[in-house]
2 protein chains.
Amino acid sequence: MTVTLADVAARAQVSPATVSRVLNGNYPVAASTRERVLRAVDELDYVLNGPASALAAATSDLVGILVNDIADPFFGIMASAIQAEIGGPGGRAGGERLAVVCNTGGSPERELTYLTLLQRQRAAAVVLTGGAVEDAPHAAAVAAKLRKLHDAGTRVVLCGRPPAPDTGAIALTFDNRGGGHELTEHLIGLGHRRLGYIAGPEERTTTRHRLEGHRAALADHGIEEDPRWTVHGRYDRQAGYEATLELLRRDPTLTAVVAANDSVALGACAALRDSGLRIPDDVSVAGFDDLPFSVDAVPSLTTVRLPLAEAGARAGRIAMGREEPPPGEIATIRGELMVRGSSGGPRG
Amino acid sequence: MTVTLADVAARAQVSPATVSRVLNGNYPVAASTRERVLRAVDELDYVLNGPASALAAATSDLVGILVNDIADPFFGIMASAIQAEIGGPGGRAGGERLAVVCNTGGSPERELTYLTLLQRQRAAAVVLTGGAVEDAPHAAAVAAKLRKLHDAGTRVVLCGRPPAPDTGAIALTFDNRGGGHELTEHLIGLGHRRLGYIAGPEERTTTRHRLEGHRAALADHGIEEDPRWTVHGRYDRQAGYEATLELLRRDPTLTAVVAANDSVALGACAALRDSGLRIPDDVSVAGFDDLPFSVDAVPSLTTVRLPLAEAGARAGRIAMGREEPPPGEIATIRGELMVRGSSGGPRG
DNA sequence: CATCAGATAGAAAGCGCTTGCTGTGACGCT
DNA sequence: AGCGTCACAGCAAGCGCTTTCTATCTGATG
């Protein structure tokens, strides 16, 4: 039924071994023979059996990319950049690799299961993107898995994720703390003293780091933080909307709202508008990430730009072994403050 | 080095066959034996070798999802919904399947290569999303590939893509033509007579269908179309911005701009604003898709909602064989006109 | 008590490919 | 002329798992 290597070999009048070598191209084969084989492959419309080849060679050409939410451009952009470097078809990479993105939906279990699945497929490399969950047992389980993958020869790269010590994983980490600090400092510089903060889900590293940066900035300027000024929620627009209403309820005198990310900030803007407040005249708003739509918002969003595409590309190259890992296997990627129309001096 | 089935068998004092059967659970195994095996698996931390098992069983648990642009929420949302149904880990599906999304970047060659790669992996199913390219040779090549995949037992589902006759593929098609028609009709109903249209890339089915709907609506109302009123561009915000400036240059008297999709529409809004025009007082704007951010735009965007998540979920279920394919193997999914703030009567 | 169906477990034959090792001519060297 | 060297090509042994067929044991049946 299906065409196998042996069929091609028969047709080209050579041994299966020769066909295999022509296809893999890592062994000398006479030009004339090669041509004959290639013609046979073409005529029979032969397609290599991936599993068989992976089994025999003990390696596969699968590269896994784990993301928290594939519908979120934050991850989409990184995944896209990673995939472009992995080669996938058409990439500049020599061997064709199947870059696959796996959507964990932010669930620790799914993350773990996907890692097992990739381990099972003997993936060539795995790139984990986005913040990690700060649950000790789960973190340990993931670390163990990463270590195992690494030991099995799978290259593991963390992109926009905190380092995982002793796992052999290369980490490209975003400086969320620094970015958060700079952003809040900017607002303080404008004269704001009562700042609301809409944080992401409690147990995520990204959430914690950004919040820490924010608080550090407040502390630096001797501003005592009111616990009512922080609200947690999901990383989406809806959460931002609701959290903002809650903040306004708790303290209507806030002059600025800092959001966990741009989507949340957009929700915040909508809530402020719906509450009859002008941005930035009445309340300033700031986001994080600088996703493409942020510059288009009205007013355009003050935020911290994270070089998602660049980071992804680099992670992809490292995963493919086409770029040296950073010294110490850890690199910190800084964000860049983008001051735009959504932030201004308080009340006036 | 790595633990194999045989190791587990030895440890559990059973034959490899038994271990395999315990793991696959489709053959009677005494409870006590099963337990012993499971314990051994656990103790040895055994992970099944995917390729080996795929080879022996002649099937794999890979499901491919092809998207044009993973960084675009349009695809992200569909992919997310599909993946959720495929199961991936944690899904309600029984067997764990590895749902992998492949980013073609809109390139026909990459699309083809990914299909080959998936064929090579003996994928259990493949879902293609988004519009197709209307290049005859390429379309034929894709059709041939789909046919081959289908014949090899891979379930093929098209989601938001026109049917591919005689390939055995199930198609869930969006009614782009109808949506485009309804949208333009709405604007005409408001009194608009000079409507600019920002179309997507020329050679895509989605582009053509939406444009056809637009033109049909114009024709229905006896409006003669000026060729200067149509500009083609990419499906992104930037293209919308530039195309709008071009339209304005060609005919400053336009009272409405219809965009190929919401991102393009947002770009159009930005361009109009930058040109000192108010929306919708001076010019009305309409998009397509109703992506999450569209309702947040200022003013909120009049557009056609496509049930991306529902369609994706259905495609996923069909791909898994958990839902009957539609009669005739083709279903047309209609959009819903969402009238919002960006459209109003012309000039006041 | 002999017989047989039913329930489990094992033996072994692959699945389709890769690769170390073994030929085998053709060349070049002394 | 004799022989070591290459450059290729083929042999055959797996890679780790699934699955058919067969063997064994149990308890039920007549």
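Letters go in sequence order (proteins before strands), and every chain restarts at 1. All values below come from the heavy atoms of this structure, side chains included, with hydrogens, waters and symmetry mates left out.
Looking only at side-chain heavy atoms (C-beta outward), Leu172(A) and Ile318(A) come within less than 4.5 Å of each other. Residues Arg122(B) and Val47(A) are in side-chain contact: their nearest non-hydrogen atoms beyond the backbone lie under 4.5 Å apart. Here the side chains of Thr173(B) and Leu158(B) are not in contact, with every heavy-atom distance at 4.5 Å or above. In this structure, the side chains of Val67(A) and Asp72(A) stay at 4.5 Å or more apart for every pair of heavy atoms. Under the 4.5 Å side-chain criterion, counting only non-hydrogen atoms from C-beta, Val22(B) is not in contact with Val41(B).
One end of the helix from dC1(C)-dG30(D) to dT30(C)-dA1(D) points its axis 50° away from the other end's axis, with each axis taken from 5 pairs and the angle rounded to 10°.
The CG atom of Leu55(B) sits 13 Å away from the C1' atom of dT19(D) (whole-angstrom rounding). One atom, CZ of Arg21(A), and another, P of dC8(D), lie 12 Å apart when rounded to the nearest Å.
Using a 4.0 Å heavy-atom cutoff across all strands shown, Val14(A) reaches sugar-phosphate atoms only and no base atom. Using a 4.0 Å heavy-atom distance criterion, Val29(B) is classed as a sugar-phosphate-only contact.
Between the side chains of Thr18(A) and Ser15(A), at least one donor-acceptor pair of N or O atoms lies under 3.5 Å.
Within 6.0 Å of the CG atom in Asn26(B), the count of heavy atoms belonging to other residues, nucleotides or ligands exceeds 12. In this structure, Glu35(B) places its CD atom where only 12 or fewer heavy-atom neighbours from other residues, nucleotides or ligands lie under 6.0 Å away.
Along DNA chain D, the nucleotide closest to Asn26(B) and the one closest to Ala30(A) are compared, and the more 5′ of them pairs with Ala30(A). Comparing Thr33(B) and Ala52(B) by the nucleotide of DNA chain C whose heavy atom lies nearest to each, the residue mapping closer to the 5' end is Thr33(B).
When all heavy atoms of Ala125(B) and Thr154(B) are compared, the closest pair comes out as CA-CG2, 3.6 Å.
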Side chain to side chain contact (heavy atoms under 4.5 Å, CB included) between Leu98(B) and Tyr114(A), worked out: CA-CA 8 Å; Leu98(B) 217 205; Tyr114(A) 264 125; 3.4 Å; yes

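Proximity of Thr18(A) to the phosphate of dG10(D): a side-chain N or O atom is located under 4.0 Å from OP1 or OP2.
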Kindly give the atom pairs (protein nitrogen or oxygen, nucleotide nitrogen or oxygen) under 3.5 Å for nucleotides 22-27 of chain D.
none

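Using a 4.0 Å cut-off between charged side-chain N and carboxylate O, Arg147(A) and Asp151(A) make a salt bridge.
Using a 4.0 Å cutoff to heavy atoms of chain A, the contacted part of DNA chain C runs 5' to 3' from dG16(C) to dC21(C).
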